[in-house]
K.L.:
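This structure is in structure tokens; I'll ask about it shortly.
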Amino acid sequence: MTDNYEFEEEEFNTRFNGKTITRIAQQAKPHWKMLTGFLLAIILVSGLDAIFTYISKRIIDDGILAQDTEMLYQLVTIYGALIIVSAVGVFAFITLAGGLGERIQYDLRKKMFARLQDLSFSYYDSTPVGWIMSRVTSDSQRIAELISWGLLDTSWGIFGIGSSVIFMFIINWRLALIVLTIIPILVIVAGQFQKYILGEYRKVRKLNSQITGAYNENITGVRVSKALGREQRNLDEFRELTSPMYKASFRAAVLSALFLPVVQLISAIGIGSIAWYGGWQASYGGITIGGIQAFISYVIFMLFPVQEMARVYAEMQRAIASAERVFSLIDSKPDITDRADAVTPGSMRGDIEFDHVTFYYEEAKPVLNDLTLHVKAGETIALVGPTGAGKSTIVNLVARFYEPRKGVIRIAGRDYTEWTLHGIQSRIGIVLQTPHLFSGTIRDNIRYGRLNATDEDVERAATLAGAHEFISTLTKGYNEEVGEGGVLLSVGQKQLISLARAILADPDIFIMDEATSSVDTLTEALIQKGMERIMRGRTSFVIAHRLSTIKRADRILVIEKGRIAEMGSHAELIRQKGHYYRLYTQQFRRELEQEYNPYEGLPVAGD
Ligand SMILES: Nc1ncnc2c1ncn2[C@@H]1O[C@H](COP(=O)(O)OP(=O)(O)OP(=O)(O)O)[C@@H](O)[C@H]1O
Ligand SMILES: [Mg+2]
């Protein structure tokens with residue numbers, strides 16, 4: 001999976017987008033104080049770097065060559081003092097860059113997280129989790145690194161070169177002009193190299209992922225290819241892909257290997273010109289020995305920032321691609337939002353009506369067709385039917401995780417899109433088939449139902465849900481951590497905790513997707529009891545797999561292919577001898593036999 005996302009990342013970054021760059025820069029805006037401190041420290045340090053070389057020149061000319069020990073002593077003292085200042089400056093900007101990077105990454109992640117919370121279920125249908133994870137982790141990091149370390153290298157380079165140039169002009173303007181012609185050549189050459197190297201690497205990655213794909217296909221289909229006598233063709237195809245990849249890798253390697261020598265050659269030409277022209281000037285006293293030495297140091301010093309900036313340039317392309325994806329996530333609009341005039345309901349008690357509701361996840365595949373249903377307040381509805389019939393879809397619509405494509409759903413007499421989303425969802429208690437617990441303690445997880453609940457409330461809800469007993473047997477009881485590093489809970493136990501959470505929330509509407517498997521008989525009995533408690537007096541939808549739940553419902557809906565195939569009480573439907581009767585006689589016979597067999601019904605240890 002990750003390979004694909006990596007590959008797609010490479011595809012993105014072929015151009016520079018001014019708008020994206022501006023927006024990346026804006027991420028630093030809230031931290032302008034840090035940024036200013038960071039830039040000031042860099043200006044200080046780069047200035048000092050150039051001054052050090054200048055002082056060395058003075059030490060040679062005015063101290064050593066002039067045999068002036070007083071002067072030598074002074075210069076060395078200044079040198080030493082400035083080194084301390086410079087060290088403090090380096091410490092400051094590295095710390096600030098690190099801090100800036102952390103904060104920007106935190107901001108971006110927070111923005112993405114907030115958006116991910118708002119986005120509707122449909123966003124998650126079409127966006128792989130792996131894609132989202134890559135945005136949140138590696139992309140935000142890449143952007144933050146560009147703003148912190150990338151900016152550090154670039155500004156250090158620019159200010160370093162800038163202050164060197166100033167001192168070169170102070171020492172000798174003619175030589176300075178020669179060096180000035182070298183800088184743009186170095187920058188252009190380095191930039192071009194990076195561009196070509198990156199291009200070749202991109203080709204390698206692209207071909208590599210094609211090859212991986214071909215590998216997969218050939219390995220999984222190896223029997224078929226053998227049977228069809230396709231081996232030779234597969235090999236040929238494989239070779240066709242491998243040879244351009246080999247060539248591209250080779251070109252990338254040659255270019256990388258050439259980069260440094262070429263840069264060194266250019267600077268050697270620069271140093272040569274300085275030696276030659278400077279030497280000639282020195283012959284008539286136009287420049288001192290220390291001056292020539294200083295120039296050579298400046299040119300050598302420039303190599304490093306130029307290489308660094310070339311590297312940052314390459315990283316910048318990747319960071320821009322990352323930023324485009326991160327911003328696209330931050331900018332995505334949830335397709336279920338509150339209307340401008342939405343009202344917050346005081347309660348969601350009242351009838352629930354599906355009025356000619358049509359729904360599909362993907363346009364070509366209708367799931368619910370013109371469904372009409374009237375559920376009275378306080379009624380318990382059991383939904384049964386084959387897998388893929390649309391049972392979960394119906395409750396997803398009730399909870400407004402999705403909205404009808406056609407038709408209207410009314411709660412308490414009003415089109416539910418007139419209510420606020422939060423208003424509806426905070427009045428609904430849901431227990432999912434594979435219940436989700438958040439990291440934290442069991443107590444925290446139950447308390448999610450009502451954040452201001454006291455510990456006693458939490459325990460009361462757990463007792464009502466039937467969860468108290470098993471929680472008490474845990475070493476730390478309610479303070480036991482769940483999930484990674486904590487206790488491993490069974491699906492049934494997680495359902496009990498979710499039930500307790502729902503009971504604590506005291507919702508008007510209750511939705512339950514019964515667990516189908518891995519629930520032991522004892523837990524199952526507890527869940528049954530908990531459900532009974534919470535369903536009392538509330539409008540409830542239960543996607544039921546157990547006969548006991550189904551029988552207890554006020555009304556059973558048999559859903560088939562997105563339609564209500566049958567509707568009525570258990571007794572009525574049995575009498576009709578239709579779908580339900582068949583389901584009942586086939587699927588529930590075993591369960592039924594168990595109910596009457598005094599031995600099979602006993603709790604069994606484990607699952
Ligand atoms: N998020 C989704 N995106 C696209 N199609 C979906 C999505 N969820 C469900 N479907 C499709 O909609 C249809 C109804 O699915 P639904 O989950 O409502 O069935 P169900 O009756 O709950 O089945 P089960 O008993 O297996 O839970 C199925 O064909 C399913 O493939
Ligand atoms: Mg389902």
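Quantities reported herein were computed from a predicted structural model and do not represent experimental measurements. Every number for a ligand or one of its atoms is a count from 1 in the order of the listing.
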K.L.:
Name the residue from Arg339, Arg410, Arg400 that meets the salt bridge (Lys or Arg N to Asp or Glu O under 4.0 Å) definition with Asp415.
P.N.:
Arg339
K.L.:
Whether the Asp125 and Ser122 side chains hold a donor-acceptor pair (N or O, under 3.5 Å, no angle test) is what I'd like checked.
P.N.:
no
K.L.:
Just distances here: any N/O of Ser392 and N/O of ligand 1 closer than 3.5 Å?
P.N.:
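So ligand 1 has an N or O lying under 3.5 Å from an N or O of Ser392.
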K.L.:
Could you tell me how the ring of Tyr448 sits relative to the ring of Phe438: parallel (under 30°), tilted (30 to 60°) or perpendicular (over 60°)?
P.N.:
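Because their plane-to-plane angle lies in the 30° to 60° range, the rings of Tyr448 and Phe438 count as tilted.
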K.L.:
Under 4.0 Å, heavy-atom basis, I'd like to know which part of Lys365 is in contact with ligand 1: side chain, backbone, both or neither.
P.N.:
neither
K.L.:
Around atom 9 (C) of ligand 1, find the nearest protein heavy atom and jot down its residue, atom name and distance.
P.N.:
Tyr361 CE1, 3.3 Å
K.L.:
Verify the neighbour count for atom OH of Tyr360: are there more than 12 heavy atoms of other residues, nucleotides or ligands below 6.0 Å?
P.N.:
yes
K.L.:
What's the shortest distance from atom 23 (O) of ligand 1 to any protein heavy atom, and which residue and atom give it?
P.N.:
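Sorting protein heavy atoms by distance from atom 23 (O) of ligand 1 puts Gly388 N, 2.8 Å first.
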K.L.:
Is there a protein heavy atom at a distance of less than 4.0 Å from atom 31 (O) of ligand 1?
P.N.:
no
K.L.:
Looking only at distances, please establish whether an N/O atom of ligand 1 is found under 3.5 Å from an N/O atom of Val367.
P.N.:
no
K.L.:
Quick one: does ligand 1 sit under 4.0 Å from the side chain of Thr387, the backbone, both or neither, non-hydrogen atoms only?
P.N.:
both
K.L.:
Tell me the nearest of Leu397, Val395, Asp125 to atom 1 (N) of ligand 1, using heavy-atom distances.
P.N.:
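Comparing heavy atoms across Leu397, Val395, Asp125, the nearest one to atom 1 (N) of ligand 1 lies in Asp125.
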K.L.:
For ligand 1, indicate whether the residue Thr393 contacts it via side chain, backbone, both or neither (heavy-atom separation under 4.0 Å).
P.N.:
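The answer is both, backbone and side chain.
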K.L.:
Are there protein heavy-atom neighbours of atom 13 (C) of ligand 1 below 4.0 Å?
P.N.:
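True for atom 13 (C) of ligand 1.
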K.L.:
Taking only heavy atoms of Glu362 into account, list the atoms of ligand 1 that are under 4.0 Å away from them.
P.N.:
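In order of numbering, the contacting atoms are 4 (C).
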K.L.:
Verify the ring-centre separation between Phe541 and Phe510: is it less than 6.0 angstrom?
P.N.:
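Phe510 vs Phe541: aromatic centres not under 6.0 Å.
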K.L.:
Sort by chain and number the protein N/O/S atoms found under 2.8 Å from the Mg ion (ligand 2).
P.N.:
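Listed by chain and number, the atoms are Ser392 OG.
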K.L.:
Does the distance from a Lys or Arg side-chain N to an Asp or Glu carboxylate O, for Arg538 and Asp506, drop under 4.0 Å?
P.N.:
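A salt bridge links Arg538 with Asp506.
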K.L.:
Surrounding OH of Tyr106 (heavy atoms of other residues, nucleotides or ligands, distance under 6.0 Å), is the total greater than 12?
P.N.:
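Atom OH in Tyr106 is not packed in, count stays at 12 or less.
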K.L.:
Answer with yes or no whether Tyr402 contacts ligand 1, where contact means a heavy atom under 4.0 Å from a ligand atom.
P.N.:
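Judged by the 4.0 Å heavy-atom criterion, Tyr402 does count as contacting ligand 1.
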K.L.:
State whether the side chain of Ser120 and the backbone N or O of Tyr123 hold a donor-acceptor pair below 3.5 Å, judged by distance alone.
P.N.:
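Flag not set: sc Ser120 to bb Tyr123 has no pair under 3.5 Å.
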K.L.:
For the residue pair Ala389 and Glu560, what are the closest heavy atoms and their distance?
P.N.:
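So the two residues come closest at CB-CA, 4.2 Å.
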K.L.:
Should we say atom CD of Glu363 is surrounded by more than 12 heavy atoms from elsewhere, each under 6.0 Å from it?
P.N.:
no
K.L.:
How close does the nearest protein non-hydrogen atom get to atom 25 (O) of ligand 1, and which residue and atom is it?
P.N.:
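The closest one turns out to be Lys391 NZ, 2.8 Å.
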K.L.:
Less than 4.0 Å is my threshold; does some heavy atom of Gly385 fall inside it relative to ligand 1?
P.N.:
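Not so, Gly385 does not reach ligand 1.
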K.L.:
Do the charged groups of Asp355 and Lys406 touch, with an N to O distance under 4.0 Å?
P.N.:
no
K.L.:
For the pair Tyr580 and Tyr584, name the ring-plane relationship: parallel under 30°, tilted 30 to 60°, perpendicular over 60°.
P.N.:
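Because their plane-to-plane angle is under 30°, the rings of Tyr580 and Tyr584 count as parallel.
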K.L.:
What closest approach, in Å, do Gly449 and Ala505 show between heavy atoms, and which atom pair accounts for it?
P.N.:
O-CB, 3.3 Å
